[in-house]
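Heads up, the thing below is written out as structure tokens.
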Amino acid sequence: MSLKIGTRCLHLENERETANHFGAISFPIYQTATYAHPEVGKSTGFDYSRVQNPTRQQLERVVAGLEKGIDAVAFSSGMAAITALMEIFKSGDHLITDADLYGGTIRLFNNISVKNGLEFTHADFTNADIESMVRENTRAIYIETPTNPMMCVTDIREVSEIAKRHGILLIVDNTFMSPYYQNPLELGADIVIHSGTKFLGGHNDTLAGFVVTNREDIAEKIRFIIKTVGSGLAPFDSWLILRGIKTLALRMEKSQANAIRIVKYLQSEPKVLKIYYPGIEGTKSYEICKRQARGFGSMITFEVENAALAKHILKTTRLIPFAESLGGVETLLTYPCTQTHADVPEKERIANGITDSVLRMSVGIEEAEDLIADLKQAIDSFEG
Ligand SMILES: *Cc1c(COP(=O)(O)O)cnc(C)c1O
């Protein structure tokens with residue numbers, strides 16, 4: 001039986017074949033560090049929770065199913081997932097990465113990975129000749145699409161062909177679309193990253209991260225790394241993410257519908273100069289998304305007249321908090337230049353378009369009218 005994605009948020013394809021846990025509909029939280037062995041050389045399948053825990057395993061099966069991977073590994077945060085993934089490389093390896101990425105990922109690459117001997121070329125994937133950047137020691141291409149925060153969209157199939165021609169890996173951070181709207185593994189990627197803190201968890205209450213792959217050899221390496229470095233997701237947090245995923249389909253649909261209405265409102269606002277949202281028809285991002293995704297998501301980045309207005313909005317919205325993070329049921333406004341991207345060198349940040357007039361909004365599931373009214377009262381009350 002091949003289930004549709006909205007159903008797969010609630011059920012595994014082979015649910016009846018796995019243990020039934022006394023028929024519990026909500027998967028139990030196995031709050032245990034260790035497991036008794038029946039005798040030497042025999043195991044229940046679980047030995048120690050750093051290696052694996054039944055609740056984490058259930059979550060990993062659900063996420064692997066949603067992303068069409070053979071394996072998904074759950075970490076204590078998105079950054080823990082990316083940090084662990086970097087351990088598959090060795091000193092002297094080279095990676096080509098998107099110049100516009102989540103600030104924490106840039107901080108990891110620039111400070112920790114470089115110290116460990118990895119080399120990076122940061123490229124503008126919207127117009128650079130990526131293939132010409134491949135070197136003898138290049139091992140992977142690392143992208144986000146859409147990117148955080150500038151919403152740049154990359155054609156995953158096209159980049160995967162470059163990767164395949166050179167025998168290198170394609171890694172895609174799919175946090176912004178979630179598996180509900182986009183499945184990079186089906187488009188030729190080898191590894192998918194998620195900050196499960198965002199849309200998968202969906203409630204702004206838990207951190208989590210995932211590495212998903214459709215390659216046996218990589219799954220084996222990631223399993224060895226998680227067991228060794230010990231950054232796996234705890235049982236209770238695994239359960240919270242499992243619960244969040246049950247409503248992924250509903251949340252993605254509602255927040256996207258809200259985002260489309262908010263974009264329309266922003267387009268009518270003369271003090272809003274630029275809107276970065278892939279669902280705007282007539283843009284290149286829109287065309288690429290149409291080919292490779294089932295939607296556009298609910299992240300909007302926009303540039304206002306000046307920094308004073310940006311700061312005024314952050315101070316005067318009543319409903320929408322000024323807070324980092326995204327992908328939750330509550331709408332949030334973020335100021336990338338002092339928050340998510342504060343540690344990105346200023347020159348790089350400005351080159352990517354992240355000025356002090358740029359705001360990023362993660363649209364939640366409130367009623368669109370209320371969100372628009374809140375933004376409008378904040379913009380209208382500016383006397384600049
Ligand atoms: C938030 C985020 C991360 C980091 O995830 P955490 O769960 O906060 O550690 C990585 N990539 C993207 C695109 C993100 O938005």
Side-chain angles (χ1 to χ4, degrees), residues 56 59 63 67 72-86 95 97-113 122 125 142-154 156 171-182 184 189 191-212 226 229 231-234 237-238 240-241 244-245 252 255 276 278 293 296-301 323-328 330-336 339-344 352 354 358-364:
R56 197 181 95 202
L59 170 63
V63 172
E67 276 296 11
V73 184
F75 292 88
S76 58
S77 70
M79 288 320 302
I82 304 169
T83 303
L85 175 61
M86 287 302 113
L95 285 86
T97 73
D98 219 319
D100 188 42
L101 290 175
Y102 170 64
T105 306
I106 298 178
R107 181 173 57 219
L108 170 74
F109 291 167
N110 285 356
N111 296 284
I112 312 271
S113 307
H122 305 297
F125 274 68
Y142 187 106
I143 60 170
E144 287 172 7
T145 180
T147 60
N148 181 352
M150 297 313 288
M151 305 302 295
C152 304
V153 174
T154 297
I156 298 172
I171 305 162
V172 180
D173 182 332
N174 199 31
T175 298
F176 269 33
M177 282 298 197
S178 92
Y180 185 71
Y181 282 135
Q182 183 169 273
I191 298 166
V192 165
I193 291 284
H194 276 286
S195 168
T197 313
K198 316 293 169 57
F199 291 101
L200 290 172
H203 291 73
N204 291 321
D205 57 11
T206 319
L207 298 183
F210 295 91
V211 176
V212 194
I226 196 170
V229 306
S231 48
L233 192 63
D237 291 358
S238 297
L240 280 172
I241 303 293
I245 290 174
M252 294 309 292
S255 61
Y276 303 91
F296 307 101
S298 47
M299 294 300 299
I300 305 168
T301 295
E324 240 162 287
S325 202
L326 61 105
E330 293 93 1
T331 299
L332 301 178
L333 267 170
T334 300
Y335 198 36
Q339 290 184 308
T340 51
H341 291 68
D343 285 344
V344 176
N352 291 343
I354 310 170
V358 166
L359 296 173
R360 189 193 74 188
M361 182 159 51
S362 169
V363 180

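Counting starts at 1 for both ligands and their atoms, following the listed order. The model shown is predicted, which means the values in this text are computed figures rather than measured ones.
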Discussion item. Below the 3.5 angstrom mark, is there an N/O of I82, backbone or side chain, next to an N/O of ligand 1?
Written reply: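 No - when backbone and side-chain N and O of I82 are compared with those of ligand 1, no distance drops under 3.5 Å.
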
Shortest non-hydrogen contact from [X] toward [Y]:
{"X": "M150", "Y": "N352", "answer": "CG-O, 3.1 Å"}
{"X": "T97", "Y": "H122", "answer": "OG1-ND1, 2.8 Å"}
{"X": "T154", "Y": "T145", "answer": "N-OG1, 2.9 Å"}
{"X": "S178", "Y": "H194", "answer": "CA-CE1, 3.9 Å"}
{"X": "F199", "Y": "M252", "answer": "CD2-SD, 3.4 Å"}

Residue, atom name and distance, where the atom is the protein heavy atom closest to [atom]:
{"atom": "atom 2 (C) of ligand 1", "value": "K198 NZ, 2.5 Å"}
{"atom": "atom 7 (O) of ligand 1", "value": "T197 OG1, 2.6 Å"}
{"atom": "atom 9 (O) of ligand 1", "value": "M79 N, 2.8 Å"}
{"atom": "atom 11 (N) of ligand 1", "value": "D173 OD2, 2.7 Å"}
{"atom": "atom 5 (O) of ligand 1", "value": "S195 OG, 3.0 Å"}
{"atom": "atom 4 (C) of ligand 1", "value": "Y102 CE2, 3.4 Å"}

[Y] side chain reached by [X] side chain, heavy atoms, under 4.5 Å:
{"X": "I354", "Y": "D100", "value": "yes"}
{"X": "L59", "Y": "I245", "value": "yes"}
{"X": "Y102", "Y": "I82", "value": "no"}

Atoms in ligand 1 with a heavy atom of [X] nearer than 4.0 Å:
{"X": "N148", "answer": "14 (C), 15 (O)"}
{"X": "E144", "answer": "13 (C)"}
{"X": "A208", "answer": "7 (O)"}
{"X": "G78", "answer": "5 (O), 6 (P), 7 (O), 9 (O)"}

Worksheet item: Can you tell me how far CD of E67 sits from CG of N174, rounded to the nearest 0.5 angstrom?
Response: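 Going from the CG atom of N174 to the CD atom of E67 covers 5.0 Å.
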
Discussion item. Taking a cutoff of less than 4.0 Å between a non-hydrogen atom of the residue and any ligand atom, is L326 in contact with ligand 1?
Written reply: yes

Worksheet item: Is it the side chain, the backbone, both or neither of T175 that has a heavy atom closer than 4.0 Å to ligand 1?
Response: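 Only the side chain of T175 comes within reach of ligand 1.
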
